Amino acid sequence: MPGSHPSPPASALYARIDEEVQARAARLWDIGLRLHAMPELAFDEHRAAALLTDELERAGFTVRRGVAGMPTAFVAGFGSVPRPRVALLLEYDALPELGHACGHNLIAAAGLGAALALRTVLDDETPRGSGGTLTVVGSPAEEGGGGKVAEVAAGVFDDVDAALMFHPGVHDWSWAPLTAQVEVAVAFHGRAAHPTGNPTEGVDALAALIQLFTTLDVLRRRLPAGSHIQGIVTDGGRATNIVPAYARGAFGLRGATTAALDDLVDDVRRCAEGIAAATGTRAEVARSTGGYRHFRDNDVLSGRFARHLAAAGITLGPPAAGVYLGSSDIGDVSAVVPAIHPFVAVMGPGGADHTPEFAEAAASERGRRTMLAAARALARTAADVLLEPGLCERSWACWRQKAAAGL
């Protein structure tokens, strides 16, 4: 456990970490650019996973590939003391047509750099039998598919005390306002008929679906902050001279918390069932994706990361009130262990991710500087959790308090 053996002064440890990251700066940037140049989509990140695991293996990490039933997922570990255990999270999937327009190449390079630097420092500076365990988790398919959700279910995070990552963005925020999200399918079953030959025999499923859109538009006006509904028609019939017997819509739902999302799913279900009763149709409502939980920031750890990033001249502040940037499978990790997901800007606030301009920023000089600064801050934060007496316990206390409050 931390504190059971003497450790070097924090300032000396941080200096060594910074030196080790800087010594690898050229290699880390080369890896970031190689990932950027060979974008791979969800669950198909074979070259990226091979590149990253080869680097970890050469550095002395024990690597397990294909974890949680995903060929491009991996876990790499170093350390002989089971706890505390810190996980550095790497993302490396890209977007269709836009490539690394979310900057996952920078996430992977920073996490890798933090892991390589910290492993060397722990080996050199801490007594044998101390320092806990450093884990690197390669998580595919954040952009669609939720690799971390599968890893949580497979027990990858069962013995982890802190899960650390950063995300490039257009803001410098110490934590990420990421909502819970799920896609819900609503189908209405009616009865086909000829619209002029025997119109009274028909039960129009499409009309019921259209009524649901209208009702949800009314519901949308009273949703709490962070909740959101967006729907599309996926099946509206086959011919204009047939009353549709079947219609289906897909609805993307978000909530500021997982509990708020569950409430919204129930609201959609009640609306659909009420419309079915009014129109003589039958409604089916089902979650068509597993969805993501909301992100639970750990103030203890995100505050420590922000302090370390300030050493590189980057000041992180709280997110803008009422602004929600989307959802991520890091939410599912934060539901089971203390976690951080700060945003660090690689372009100005007038920009946006998932754009060609952001893809360019992910291979820019500012992107390189941000990646290296994040690598240093991640490694320092991980070292704090592993070596500073009481920090791990305080972060768990923060997690338990927010979990009890539903935050």
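In what follows, residues are counted from 1 in the order of the sequence shown. What you see is a predicted model; the values in this text were computed from it and never measured.
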Between [X] and [Y], is any pair of side-chain heavy atoms under 4.5 Å apart?
X: D267; Y: L219; result: yes
X: R16; Y: L13; result: no
X: H354; Y: L95; result: yes
X: P319; Y: Y324; result: no
X: E20; Y: T120; result: yes
X: L212; Y: V186; result: yes
X: C102; Y: H167; result: yes
X: T315; Y: D172; result: no

Taking all non-hydrogen atoms of both residues, which atom of [X] and which atom of [Y] are closest, and how far apart?
X: A379; Y: I17; value: CB-CG2, 3.5 Å
X: A192; Y: A245; value: N-CB, 3.5 Å
X: G111; Y: L88; value: O-CD1, 4.0 Å
X: V137; Y: E151; value: CG1-OE1, 3.4 Å
X: F157; Y: A87; value: CE2-CB, 4.4 Å
X: M38; Y: A48; value: CE-N, 3.9 Å

Donor-acceptor pair, [X] side chain versus [Y] backbone, under 3.5 Å?
X: S139; Y: L90; answer: yes
X: E183; Y: G291; answer: no
X: S227; Y: L223; answer: no
X: E55; Y: T53; answer: no
X: D204; Y: A207; answer: yes
X: T370; Y: G367; answer: no
X: R220; Y: I229; answer: yes
X: T281; Y: A205; answer: no
X: R296; Y: G331; answer: no
X: H194; Y: I242; answer: no

Specify whether F213 and F251 have parallel, tilted or perpendicular ring planes, treating 30° as the upper limit for parallel and 60° as the lower limit for perpendicular.
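Plane angle between 30° and 60°, so tilted.
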
Over 60° means perpendicular and under 30° means parallel, so classify the ring planes of W396 and W399, tilted if in between.
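Ring orientation, 0 to 90° scale: perpendicular.
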
Return yes if a side-chain donor-acceptor contact under 3.5 Å exists between [X] and [Y], otherwise no.
X: D93; Y: H104; answer: yes
X: T72; Y: H46; answer: no
X: T279; Y: Q211; answer: no
X: R83; Y: T133; answer: no
X: T234; Y: R248; answer: yes
X: S327; Y: T179; answer: yes

Can you measure from [atom1] ([X]) to [atom2] ([Y]) and round to the nearest 0.5 angstrom?
X: Y292; Y: R254; atom1: OH; atom2: CZ; result: 10.0 Å
X: L56; Y: R119; atom1: CG; atom2: CZ; result: 10.5 Å
X: S364; Y: R369; atom1: OG; atom2: CZ; result: 7.5 Å
X: H36; Y: I31; atom1: NE2; atom2: CD1; result: 15.5 Å
X: S395; Y: N298; atom1: OG; atom2: CG; result: 5.0 Å
X: F305; Y: W175; atom1: CZ; atom2: CH2; result: 16.0 Å

Go through the steps for F188 and D235 under the test side chain to side chain contact (heavy atoms under 4.5 Å, CB included), then give the verdict.
CA-CA 10 Å; F188 287 96; D235 192 330; over 6 Å; no

L164 and V86: CA distance, side-chain angles, deciding distance, side chain to side chain contact (heavy atoms under 4.5 Å, CB included) verdict:
CA-CA 8 Å; L164 312 178; V86 174; 3.8 Å; yes

Please name all residues satisfying salt bridge (Lys or Arg N to Asp or Glu O under 4.0 Å) with R287, sequence neighbours left out, ordered by chain then number.
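Salt bridge (Lys or Arg N to Asp or Glu O under 4.0 Å) check on R287 returns D262.
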
Between [X] and [Y] (salt bridge meaning N to carboxylate O under 4.0 Å), is one present in this structure?
X: E273; Y: R270; result: no
X: K148; Y: D329; result: yes
X: E284; Y: R282; result: yes
X: E57; Y: R65; result: yes
X: R304; Y: E388; result: yes

Could you go step by step and tell me if I340 and F166 meet the side chain to side chain contact (heavy atoms under 4.5 Å, CB included) rule?
CA-CA 7 Å; I340 67 169; F166 102 103; over 6 Å; no

Stepwise side chain to side chain contact (heavy atoms under 4.5 Å, CB included) check, L178 with H294
CA-CA 6 Å; L178 299 172; H294 76 276; over 6 Å; no

Are Y246 and H189 close enough that their ring centres sit under 6.0 Å apart?
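Yes - the distance between ring centres of Y246 and H189 falls below the 6.0 Å cut-off.
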
Ring centers of H171, F343 separated by less than 6.0 Å:
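H171 vs F343: aromatic centres not under 6.0 Å.
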
Is it the case that atom CD in E97 sees more than 12 heavy atoms from other parts of the structure closer than 6.0 Å?
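Atom CD in E97 is not packed in, count stays at 12 or less.
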
Verdict with reasoning, D18 to R380, per salt bridge (Lys or Arg N to Asp or Glu O under 4.0 Å):
CA-CA 9 Å; D18 293 353; R380 286 179 171 208; 2.7 Å; yes

Assess whether side-chain hydrogen bond (donor to acceptor under 3.5 Å, both in side chains) is satisfied between T258 and R293, documenting all intermediate values.
CA-CA 5 Å; T258 305; R293 294 174 178 266; 4.7 Å; no

